Number of protein chains: 2
Amino acid sequence: MIHDAHKNIVEETKSKMPNTDTLFELADFFKVFGDSTRIRIMCALFEQELNVCCIADIVGMEQSTVSHQLRVLRQENLVKVRRDGKQSYYSLEDEHIQKIFEMGLEHILE
Amino acid sequence: MIHDAHKNIVEETKSKMPNTDTLFELADFFKVFGDSTRIRIMCALFEQELNVCCIADIVGMEQSTVSHQLRVLRQENLVKVRRDGKQSYYSLEDEHIQKIFEMGLEHILE
DNA sequence: ATAACATATGAATAATTGTTCATATGTTCA
DNA sequence: TGAACATATGAACAATTATTCATATGTTAT
């Protein structure tokens, strides 16, 4: 029956998928890449570690905005901080970021 | 002077970055991955092409919700549709998707 | 200790976005 | 043609999120 076929496809597909919690986490992870300010921050950090006010100047936004977004990036383990005197220097934490960027760029430049 | 050093870093970094428009597009592209419903839809489509009501059953959401999200995925060229009678069969359009998923999963499973 | 600077954080606001309901469009078959 | 089904779409609502302002925290040097 067609109805059974439908049911089978649904059950079979569900059984092959990673568990739902993982996929929710995955979405939360990609959410971080879905904001242009954060994208530009990460992009700037490809070159070298930078302190907050440099980043703010590079992306052309308030220091406060940048601090908030850096916190988001920290929470997802995408950047790390190093304190040096009055300044906080941020750098990329994860080697997947570059590859994810590359994939994305390849896609949109097609 | 320290101030000049700052300025140099800012200008040099900016000059090495992709242009801003591209980075905004990139953010919009990743935005699509930042929703758990869309993530689960794409994940289901890794296995095989599926029609809308199968997808709705798999992700456990309204047909209408799924249709709306499929439109988003279509607009970013991530899925394609094939009409067969009353049904619309969706499949993945792009080979980058799998790699992006893999990178993301590797990151969150660390 | 205090002034000056860098960064972080809380609260408020504005904007974006996901979901649902209701309904329209498109397709098949009697 | 009309009934039944699959999908798409518009409007409304709820929820999330990015940004800003104001201010707190932390650090250095006088």
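Note that the coordinates shown come from a computational prediction; the quantities given were computed from them, not determined experimentally. Lettering of chains follows the sequences in order, A, B, ..., and the numbering in each one begins at 1.
Side-chain N/O atoms of A:Ser67 and A:Gln63 include a donor and acceptor closer than 3.5 Å. Side-chain atoms of B:His6 and A:Asn51 form no donor-acceptor pair, as typed in the model, at a separation below 3.5 Å. Residues B:Tyr90 and B:Arg74 have side chains that bring a donor and an acceptor to within less than 3.5 angstrom of each other.
Closest of all the heavy-atom pairs between B:Val66 and B:Ala56 is CG2-CA, 3.7 Å.
With respect to B:Lys16 and B:Glu12, a salt bridge is recorded, a charged nitrogen being found less than 4.0 Å from a carboxylate O.
As a whole-Å value, the separation of B:Phe24 CZ from C:dT16 C1' is 14 Å. As a whole-Å value, the separation of A:Arg38 CZ from D:dA18 C1' is 8 Å. B:Ile41 has its CD1 atom 13 Å from the P atom of D:dT7, to the nearest Å. Counting to the nearest Å, the P atom of C:dG18 and the CD1 atom of B:Ile39 are 12 Å from each other.
In this structure, B:Asn51 and A:Ser36 both approach DNA chain D, and ranking their closest nucleotides by distance from the 5' end singles out B:Asn51.
Within the model, atoms CZ of B:Phe101 and CG of B:Leu92 stand 8.0 Å from one another, a figure rounded to the nearest 0.5 Å.
Within residues 52-90 of chain A, the residues approaching DNA chain D are A:Met61, A:Glu62, A:Ser64, A:Thr65, A:His68, A:Gln69, A:Arg83, A:Gly85, A:Lys86, by heavy-atom distance under 4.0 Å.
Using a 30° and 60° split on the angle between ring planes, B:Phe30 and A:Phe30 fall in the parallel class, below 30°.
For B:Asp35 (side chain) and B:Arg38 (main-chain N/O), a donor-acceptor pair under 3.5 Å exists by modelled atom type.
Overall bending of the helix from C:dA1-D:dT30 to C:dA30-D:dT1, expressed as the angle between end axes built from five pairs apiece, is 20° (10° steps).
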